[in-house]
There are 2 protein chains.
Amino acid sequence: MKKKKKEVTIYDIAEELNVSATTVSRALNDHFSIGKKTTQAVKKLAKEMGYRPNIIASGLRKNKTNAIGVIVSWINRPFISSLISGIEDVADKAGYNVIISQSNDSFEKEITKAQTLYASRVEGLIVSLAMDTKSYNHFYPYRQNNIPIVFVDRVSFEMETDKVIINNFDAAFTATEHLIEMGCKRIAHFAGAQHRNIYKERQDGYIHALKKHNLPVDEQLILHSNLSMEEGWKGTRRLLSLSHPPDAIFSANDSAAVSAIQCAKEMGIRIPEELAVAGFNNDRISSIVEPPLTTINHPAIDMGKIAAQQVLKQKKNREMVESETVILKTELIIRQSSMRNRLAKGPTSDSESC
Amino acid sequence: MKKKKKEVTIYDIAEELNVSATTVSRALNDHFSIGKKTTQAVKKLAKEMGYRPNIIASGLRKNKTNAIGVIVSWINRPFISSLISGIEDVADKAGYNVIISQSNDSFEKEITKAQTLYASRVEGLIVSLAMDTKSYNHFYPYRQNNIPIVFVDRVSFEMETDKVIINNFDAAFTATEHLIEMGCKRIAHFAGAQHRNIYKERQDGYIHALKKHNLPVDEQLILHSNLSMEEGWKGTRRLLSLSHPPDAIFSANDSAAVSAIQCAKEMGIRIPEELAVAGFNNDRISSIVEPPLTTINHPAIDMGKIAAQQVLKQKKNREMVESETVILKTELIIRQSSMRNRLAKGPTSDSESC
DNA sequence: TCAGTTTACACAATCGATTGCGTAAAAATC
DNA sequence: GATTTTTACGCAATCGATTGTGTAAACTGA
């Protein structure tokens, strides 16, 4: 019948039991100075009365929110959503909530979101930078307040923070070298924005592989774009209509690589015989396209888990220790889009599962 | 040099300006009773001193957290991550944070997560139920406390809450009828767990289409599974080795459907000539597989947006109004995996983009 | 048995912002 | 100029839990 059910507080419990709120609070927290029976009684009554601790009040006193903020470009991307999944997993186990927000790859939005999360007093921040982020002042408040920041995947070396990354250079190098080993002599590259570390590093790895094997680096074969499917398609058309077209494409992501395969096929180019293709990320589409796409596997979930662990670790080591960079292993997944030699036959080891 | 930078509070500002904290608080909130100059001065100084409101203290007083909780099975699924993306979008614009948590499709975890979010005092809850959730007591505390609950996609009609769903029955009916119109006479169905509404409704829609067109419903052709790629593959093998195999498969999701295509092709069955296939969800893989998969488009992002709006709306209408169910439109996307008549030639309208 | 220890609990301040109520000072009214 | 009305702001309680300090009562040991 009571319309406004007031929430039960420790005072209500205290009154009922004729003890002080202090005692109730301590009992609920298993403080040693409270008698066994009292503790039992308090807990019992608390449950009966449907008490739930007011973590806002508690948070005010203890200056805690139990929240970790996450800023990513878009949640609905295969890599990102797996990353978040990993973050949520360890954060939850440590008793933290995960607040997500997306920058939509916009610098301005990233700033806004960073401010919002700061105002929300998150106890840690995990960021995968927006495509066009070039300055980092919006993270300074965190720094000044000693709030752990961890950069993941798309990071900046201008800021000294913990980072969780992969070795993009090596991965790209490996993929490119693989194409070379498959006999490709003229390898094109779908590159991303060069101010974003991952794309720069991938391009560098690609170039390094060419150089190591004494292949010329032809600027004409390096196409910069946002790596969307459309751009992949357009780029492929462009490349294949060159007077001296490439015999392989190494794309900095899978979307564009898949488009390349589709476009080339439509143009009657055989893959991998006439054009070998390799991508990056091991998205699900990479194993579905025909022929299946050779790509780099990215340990997305692990990166998320480790990023969250870094936040927790930093919170422990109150005194600013050296910032740490964790580099995770990647793996070249060889599929048919690049298998030009007759030795390789069936699909190789693959982490295909659902 | 100061090691522990204490945070600036309204008291600090008040002192500096020789006014009361009350005035500062009101000035910052543009209260009418505070003079123009005073307000200006307060805001100016606040900015200079690097003041940030303590939303915990404010939240305690106003009993607000500005947080909306979300429980989903797995964040890293195409449909789910898009859903969340939509939620975050409107929640953020309304000044709310989104706390995500995943049930991993486990009933027990769903309970735990619901409790955690309840303890965190989220002001609203958006849920897509776990696969094996059959009771709903864990949501009662929300109900008792008048905290808005919105079910999305995987819902339960046992609980009266706002819901955002699609018409699975109609969508499945449409897809199945499409297969029938393409000349298929013996259509199999990959079905999911029948206690989860969406899979039950899809199966019902499938059956209804068969009946409408006087086709027999053969239990042998209805395979229940978790709809994973493995299960899709196994199911296809089983179906195709029947003495009287089906000439079409309607799968309740795209993963299993794609596997069906792959498996059938490997077995030398031509698609769609010998086996037409249709899926559900319009995942990216559906447009990549060959032949491209006919499927049902699911407005995931919109569902998320609307779910968030429902939460906000409920918060406004304090008095329990009737709970509302929003049913979103789906769309049959016809691709080549089902195009058996010679009329249809090129790919039809498709929402292919990146 | 009495000083010294433990045990078990209460007091009251505190975290920072909000808000109902009250009131001097300034402005308006006649 | 006296009175009423506005304007602009302060006082103090409040939100609910936490915690340093203080203290009766119970217990210990010689």
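Lettering of chains follows the sequences in order, A, B, ..., and the numbering in each one begins at 1. Computed from a prediction, not measured in an experiment: that's the story for all the values here.
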Classify [X] by what it touches in the nucleic acid, base, sugar-phosphate, or nothing, heavy-atom distance under 4.0 Å.
| X | answer |
| --- | --- |
| B/Ser33 | base |
| A/Ser58 | sugar-phosphate |
| A/Asp12 | nothing |
| A/Val24 | nothing |
| B/Asn29 | sugar-phosphate |
| A/Phe32 | nothing |

Check this one for me: any side-chain N or O of B/Thr22 less than 4.0 Å away from OP1 or OP2 of D/dC9?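 Checking B/Thr22 against D/dC9: no side-chain N or O falls below 4.0 Å of OP1 or OP2.
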
Quick one: is B/Thr38 getting a side-chain N or O under 4.0 Å of the D/dC9 phosphate, OP1 or OP2?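 Checking D/dC9 against B/Thr38, a side-chain N or O does come within under 4.0 Å of OP1 or OP2.
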
Can you list the steps and then say if A/Leu328 with A/Ile306 is a side chain to side chain contact (heavy atoms under 4.5 Å, CB included)? CA-CA 10 Å; A/Leu328 296 191; A/Ile306 293 173; 3.5 Å; yes

Select from B/Val19 and B/Lys62 the residue whose nearest nucleotide in DNA chain D is closer to the 5' end of that strand.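 Closest to the 5' end, via its nearest nucleotide, is B/Val19.
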
Heavy-atom nearest nucleotide on DNA chain D for B/Thr39 versus B/Arg61: which residue maps closer to 5'?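 Closest to the 5' end, via its nearest nucleotide, is B/Thr39.
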
Could you state the [atom1]-[atom2] distance from [X] to [N], rounded to the nearest angstrom?
| X | N | atom1 | atom2 | answer |
| --- | --- | --- | --- | --- |
| B/Asn18 | D/dC9 | CG | P | 13 Å |
| A/Leu60 | D/dT19 | CG | C1' | 14 Å |
| B/His31 | D/dT6 | NE2 | P | 17 Å |
| B/Ile10 | D/dC11 | CD1 | P | 13 Å |
| B/Leu17 | D/dC9 | CG | C1' | 13 Å |
| B/Lys36 | D/dC9 | NZ | C1' | 18 Å |
| B/Tyr11 | D/dA12 | OH | P | 13 Å |

Distance-minimising heavy-atom pair for B/Ser82 and B/Ala300: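 Minimum heavy-atom contact is CB-CB, 3.5 Å.
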
Does a donor on one side chain sit under 3.5 Å from an acceptor on the other, for [X] and [Y]?
| X | Y | value |
| --- | --- | --- |
| B/Asp162 | B/Gln314 | yes |
| A/His138 | A/Gln115 | no |
| A/Tyr96 | A/Lys64 | yes |

Contact boundaries on DNA chain C for chain B, cut-off under 4.0 Å to non-hydrogen atoms: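 So the outermost contacting nucleotides come out as C/dG16 to C/dC21.
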
Would you call B/Asp105 and B/Arg77 a salt bridge, using N to O less than 4.0 angstrom?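 Salt bridge between B/Asp105 and B/Arg77, a charged N being under 4.0 Å from a carboxylate O: yes.
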
Between A/Arg196 (side chain only) and A/Ala130 (backbone N and O only), is there a donor and an acceptor less than 3.5 Å apart?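 Yes: the side chain of A/Arg196 pairs with the backbone of A/Ala130.
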
